Amino acid sequence: MTRTLEATNRTRGHWKTRDVACALAGAVSLALAVGAASTVAVPVNDDLGLVAVLPYPFWVGVLLLNVAFVVALRGDATGPARRAVMMWLVVVLVLVLFGTAAFVTDVPRGEVAFRHLGIADALSRTQGINPDIDAYFNWPGFFALLATMVRATGLDPIAVALWAPVFNMGLWLAALGVLTGYLTRDPRRRWLVLWVFCLGNWQDQDYLSPQAFGFFLYLVVLALVIGPLAARAPKIRGIRPADLAAWWRGRAPEELRPGRRVSALAVTLLLVTVICASHQLTPFMVLIAITALTLSGRVWPSRLPLITAVVLALWLVYPASAYLTGHPPLAGGGGLEGVIGANVVDRTSGTPGHVLVVQLRIVLTFVLWALAAAGALRDWRRGRLDIRVLLLAVTPLLLFPAQSYGGEMLIRVSLFALPFIAMLACSVLLPSDGSTRRSPRRADGSTRPSPRRAGGIARPSPRRAGGIALLCFLLAVLNVTGRFGNARFDVFTDGEIAAVAAVQRLAPPGSAIISATHPTPWRSEAYLEHRYRTIEDLCGSLSTPACGPFVYGYARHNPAGAIVLLTRSSEASLLLQGSTRPGDFEKLEEWLSAQDNVALVFSNADARVYRVTP
Amino acid sequence: MSRRISRPTLALGLAAVGLSLVTLVGLPTPLQAAAAASVLVLLPGEAMTRLLHVDDVALHALLVLALGLAALTAVSTAMFYFAVWSWQACVVTMGVVTVLACIARGRQEAA
């Protein structure tokens, strides 16, 4: 056994030709993808987003990368390719999938990253926290961190936001790598989990945000709970109270040194506290996950859920009380029907191209969940289903009916479940004997593994490897489609950024700044100095006849006046998502520009700025 | 025979002091970013993780990042709540955290 384990250690010895070839293929893939992405012109004028405008060398690179990964994963009888090669291929995948937009443009995608920079900027200017401003100031942990890092490092905040997805994916994968190390000893399965996690991650939650930071800490907490704080549970003999009590008392800690357990517990509590201070939703997921694992008998400190609940409650009752007074945590859902409406129905409308993108996102999620269900069934039939993985895959669903979360709850649920869905999916992708169990006894009674099962680890056949490579390539195509499917309106042009800069320069203190709709790359500066509104928020729909007069009246009644910003991306967003009819945007602008006290003060190919004086 | 403090612990403490001063004085942008990230996240993370005696290299590396980021978040958030925040104060505080963790580790090594 020892000899087998030594044989799987790929960190020593000479580099094999296959390893070198896979590493070179990774480099070629990266060059192809970066070169192809950098030729894409902005704005992206296609309803399908980036997938429709990325030239074919990008896809050649993606295909080559997936083939190289599967060849490296298959390796030889002793295991997959050496660790450095596998890590390099994962790094390339992260750069290709999550850095694509950064190779297309120097402007971060979406509105929210700009807003988060503005909150950090506001914090560092005021040097204090006023919880009455908005929800962000009730969970300021991430913004305090961001303000400190940006000021101390002197980095350009826009560059930080641009590369945040790549950085956050690096953090998530580091945590997931450690976490899977506690759940399986099969190196092929560990690498494939990381790969599938990247491919399935279309949710686009890795931008500069408290969610991304909270998710990283969530994975670290799980690594501690499943690692140093884990418990071994005996078999349940029945469900009578006496049986359950005996089962509970029969648990034993995996880590036998009490000092190490106390240290891990202290770190866990620090991380839980920081999660509670940084994000609204993640602490609830932490509590659910820890409680589920504890009730399964697989966590040693049995009071950890209680302590987590107390920390969460204390944060809600004290620092977040200002927000919570008007926004109870379980309100705003409108029941299951309301949640489904906000999360599903409202998101599946718009132009045919946009609807197709949304449907492909759903297909990607369903494919992974179906693979995971098949993997779980397969593991269960073979008596090696890890209850911890199953619990962590399904417990995020408990969040769904609780809150609509602005129509994003389903996205967050799929994100929290994704690492464990990927893990279960790998059970069906890899050969059946690729598990943590011992090598099966051979006919001669020995337990020496066959070449295909070295170390109790199966090597995928060429046919199966081909299937995995094809599936991974298709998942990568779906990932790019889903992730960058809103590129028509969430990839901003230099002209739009110039218009926003002009707005910041022209807007008098206290004035209102009105954009047509989200996303608008605004609020990264002067977060507290203006009232920011969108026409869509004010009117509901631009198509209503009363919308123009209403917006005009709102702007004129503001004592310091208002600036109205109309951008190409706003118009594209409204049209693509079916919020307005073609021509309504132009009609509104035409009507507004003809009113008294309205003057065009800035314009370029992608934006117009109007000043409305009171 | 009494044991001595290990070289890594000593180096970590001295690096924290040195880099804190350098970061406060200021450097050209790429160097300032590296120095600030080290003194704010990596050095305190490493110093605190060394107190935990983690055997697993991967978990150790992960905890360096997680503890460093979490500690900086806790320190900077507390400073904002007490209205005493400045990035320089955060640098000094994280430097002190690192030195204190090194002293605690030194005591463990000397014991």
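To find a chain, count down the sequence lines: A is the first, B the second, and so on, and within it residues start at 1. Side chains are part of it too, since the values below use all heavy atoms of this structure and drop only hydrogens, waters and symmetry mates. As the structure is a computational prediction, the values presented were derived from the model and not from experiment.
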(message) Nearest 0.5 Å, please: how far is OG1 in A/Thr126 from CZ in B/Phe80?
(response) 7.0 Å

(request) Look at B/Cys90, B/Gly26, B/Ala34, B/Ala66 and state which one has the largest set of heavy-atom pairs under 4.5 Å with chain A. (result) B/Ala66

(request) Decide if atom CZ of A/Phe167 counts as having more than 12 heavy atoms of other residues, nucleotides or ligands within a radius under 6.0 Å. (result) no

(message) Using a 6.0 Å cut-off, check whether atom CG of A/Asp106 has over 12 heavy atoms from anything other than its own residue.
(response) no

(message) Would you say B/Trp87 and A/Ser124 are linked by a side-chain donor-acceptor pair, where the criterion is simply a distance under 3.5 Å?
(response) no

(request) Using a cut-off of 6.0 Å, state whether more than 12 heavy atoms not belonging to A/Arg257 lie near its atom CZ. (result) yes

(request) Locate the shortest heavy-atom distance separating A/Phe137 from B/Tyr81; write the atom from each residue and the value. (result) O-OH, 4.3 Å

(request) Answer with side chain, backbone, both or neither: which region of A/Pro228 has an atom nearer than 4.5 Å to a non-hydrogen atom of chain B? (result) side chain

(request) Mind checking the CG-CG spacing from A/Leu224 to B/Leu63? Nearest 0.5 Å is all I need. (result) 5.5 Å

(request) Counting only heavy atoms closer than 4.5 Å, note whether A/Ala147 contacts chain B via side chain, backbone, both or neither. (result) both

(request) Flag the one option from A/Gly154, A/Ala175, A/Gly177 with the top tally of heavy-atom pairs under 4.5 Å to chain B. (result) A/Ala175

(request) Look at B/Val91, B/Val54, B/Leu52, B/Val41 and state which one has the largest set of heavy-atom pairs under 4.5 Å with chain A. (result) B/Leu52

(message) Working to the nearest 0.5 angstrom, can you tell me the gap between B/Asp56 CG and A/Tyr182 OH?
(response) 4.5 Å

(message) Checking A/Phe213 against B/Thr73 for the side chain to side chain contact (heavy atoms under 4.5 Å, CB included) test, could you report, in this order, the C-alpha distance in whole Å, the side-chain angles of both residues, the deciding distance, and whether it holds?
(response) CA-CA 11 Å; A/Phe213 181 55; B/Thr73 304; 3.5 Å; yes

(message) Please give me the minimum heavy-atom distance between A/Ala152 and B/Ala36, naming the atom from each residue.
(response) O-CB, 3.6 Å

(request) Of all the heavy-atom pairs spanning B/His53 and A/Arg260, show the shortest one and how long it is. (result) O-NH1, 2.9 Å

(request) Quick one: pull up OG in B/Ser86 and CZ in A/Arg151 and give me the separation to the nearest 0.5 Å. (result) 10.5 Å

(request) Against chain B, work out which of A/Val220, A/Ile275, A/Leu155 has the most heavy-atom pairs shorter than 4.5 Å and name it. (result) A/Val220

(request) Please answer whether the main-chain N or O of B/Val84 pairs with a side-chain N or O of A/Gln127 as donor and acceptor at a distance below 3.5 Å. (result) no

(request) State which residue, out of A/Leu219, A/Leu176, A/Leu179, A/Val178, fulfils the side-chain contact (heavy atoms from CB on, under 4.5 Å) condition with B/Leu62. (result) A/Val178

(request) With rounding to the nearest 0.5 Å, note down the distance linking CG in B/Leu40 to CE in A/Met149. (result) 6.0 Å

(message) Tell me which of these, B/Val75, B/Asp55, B/Leu67, has more heavy-atom pairs under 4.5 Å with chain A than the rest.
(response) B/Asp55

(message) At a heavy-atom distance under 4.5 Å, which candidate from A/Leu171, A/Leu123, A/Leu271 has the highest pair count against chain B?
(response) A/Leu123

(request) Just give me the residue among A/Leu146, A/Val267, A/Leu270 that pairs up with chain B most often, heavy atom to heavy atom, under 4.5 Å. (result) A/Val267

(message) Between B/Leu51, B/Leu72, B/Thr49, who has the most heavy-atom pairs with chain A when the cutoff is under 4.5 Å?
(response) B/Leu72

(request) Hey, could you give me the CD/OG1 distance between B/Gln88 and A/Thr148, rounded to the nearest 0.5 Å? (result) 10.5 Å

(request) For chain A, find which of B/Leu27, B/Val39, B/Leu69, B/Leu65 contributes the most heavy-atom pairs closer than 4.5 angstrom. (result) B/Leu69

(request) Specify the closest pair of heavy atoms between B/Thr77 and A/Gly141, including all atoms of both residues, with the distance to one decimal. (result) OG1-CA, 3.4 Å

